Amino acid sequence: MTVKENLILGAYSRRQKGRSASDLGASLEEVYKLFGILKDRESQLAGTLSGGEQQMLAIGRALMAKPRLLMMDEPSLGVAPLVVRDIYESIAGLKRRGLTILLVEQNARAALAVADRGYVIETGQMVLDGTLAELSDNREVQRAYLGKEYERIDE
């Protein structure tokens, strides 16, 4: 399937509820505005996209359903650092627009940059939770997840 077909598939449940074609077109434009590269690649087969572009497509496809909650698992996994930055800028923008996001991420720096609250899970157990400031100030979090040169994200 092409990039555009994948995005349209994301709106399947909305189409079943009788949404108009113009509504679908507006949603496509929103996704293309968020991830411009997808507009450039809309006729390309999705399987030929880079890892970062595939991650953007997965997020875009989910957004086509107009969710109230967006759940993401490791959006930075296997993605080039510059693309990770773009993905997280988009996540921050979605958050600013009021979308609730549940993010599971091993890249603690990136996750803490957009999170209101974080939970540290080790071997299946929650061992720590707190706000961005609380987790950023925690010496154990700094040592284990952020590196010793870490400076607080919000400074």
Side-chain angles (χ1 to χ4, degrees), residues 1-44 46-47 49-121 126 128-138 141 145-146 150-155:
M1 290 175 53
T2 67
V3 167
K4 186 174 183 179
E5 289 168 337
N6 265 272
L7 291 172
I8 290 170
L9 184 62
Y12 178 79
S13 64
R14 290 175 49 208
R15 290 197 329 261
Q16 297 305 310
K17 296 176 183 171
R19 297 293 202 278
S20 70
S22 64
D23 183 45
L24 183 63
S27 294
L28 270 173
E29 287 309 311
E30 285 179 33
V31 170
Y32 289 152
K33 188 175 173 183
L34 189 62
F35 299 116
I37 191 75
L38 296 181
K39 174 70 173 161
D40 299 338
R41 306 230 194 291
E42 71 179 353
S43 326
Q44 186 174 329
L49 297 174
S50 72
E53 292 166 344
Q54 287 184 13
Q55 196 65 276
M56 291 176 194
L57 179 58
I59 295 168
R61 186 175 49 240
L63 292 172
M64 291 294 293
K66 294 285 187 193
R68 291 182 297 179
L69 169 67
L70 180 62
M71 297 187 296
M72 289 188 260
D73 185 19
E74 303 281 354
S76 70
L77 187 65
V79 178
L82 288 176
V83 180
V84 169
R85 185 192 67 213
D86 292 343
I87 288 171
Y88 270 88
E89 285 175 3
S90 297
I91 292 170
L94 293 169
K95 177 185 162 192
R96 282 190 300 274
R97 290 191 342 213
L99 183 60
T100 300
I101 301 170
L102 175 63
L103 176 65
V104 176
E105 180 63 83
Q106 287 190 27
N107 182 339
R109 283 183 189 271
L112 284 173
V114 297
D116 291 323
R117 184 156 200 85
Y119 301 86
V120 178
I121 299 173
M126 186 176 67
L128 191 60
D129 72 291
T131 65
L132 165 63
E134 291 166 345
L135 292 175
S136 296
D137 287 341
N138 183 293
V141 171
Y145 301 102
L146 303 172
Y150 174 74
E151 292 179 28
R152 264 194 45 189
I153 294 168
D154 59 350
E155 288 181 345

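Keep in mind that this is a model prediction, so the values were computed, not measured.
A heavy-atom distance below 4.5 Å is found between the side chains of Leu24 and Met64. Taking the side chain as every heavy atom from C-beta outward, Asp86 and Ile37 never approach each other to under 4.5 Å. Looking at heavy atoms from C-beta onward, Met56 lies in side-chain contact with Val83 at the 4.5 angstrom threshold. In this structure, Glu134 and Val141 have side chains that are not in contact, with every pair of non-hydrogen atoms separated by 4.5 Å or more. Proximity of Val114 to Ile101: side-chain heavy atoms (C-beta onward) are nowhere separated by under 4.5 Å. Contact of the Pro75 side chain with the Leu103 side chain is registered, since non-hydrogen atoms from C-beta on lie closer than 4.5 Å. For the pair Ile91 and Met72, the minimum side-chain heavy-atom distance is below 4.5 Å.
Residue Val79 comes nearest to Gly52 through the heavy atom pair CG1-CA, 3.8 Å, listed as atom of the first residue, atom of the second, then distance. Between Gly47 and Gln54 the shortest heavy-atom distance is O-NE2, 3.5 Å. Taking each heavy atom of Gly60 and Phe35 in turn, the nearest pair found is N-CE1, 4.2 Å. Counting all heavy atoms, side chain and backbone alike, Pro67 lies closest to Ala62 at CD-O, 3.5 Å.
Within 6.0 Å of atom NZ in Lys4, 12 or fewer heavy atoms from other residues, nucleotides or ligands are found, so the atom counts as exposed in its surroundings. By the 6.0 Å contact criterion, CZ on Arg117 is enclosed, its count of non-hydrogen atoms from other residues, nucleotides or ligands being greater than 12. Heavy atoms from other residues, nucleotides or ligands lying under 6.0 Å from CE of Met71 number 12 at most.
With values rounded to the nearest 0.5 angstrom, Leu28 atom CG is found 11.5 Å from Leu63 atom CG. Of the inter-residue distances, the one linking Leu94 atom CG with Thr100 atom OG1 reads 11.0 Å to the nearest 0.5 angstrom. Atom-to-atom distance recorded for Asn6:CG and Glu42:CD is 12.5 Å, nearest 0.5 angstrom. Atom CD of Glu105 is separated from atom CG of Asp73 by 8.5 Å, given to the nearest 0.5 angstrom. Atom CG in Asp129 sits 7.5 Å away from atom CG in Leu135 (nearest 0.5 Å). Note that CZ of Arg41 is 7.0 Å distant from OG of Ser50, once rounded to the nearest 0.5 Å.
Classification of Lys33 and Glu30 as a salt-bridged pair fails, no side-chain N sitting under 4.0 Å from a carboxylate O.
Using modelled atom types, no side-chain atom of Gln44 and backbone atom of Val3 make a donor-acceptor pair closer than 3.5 Å.
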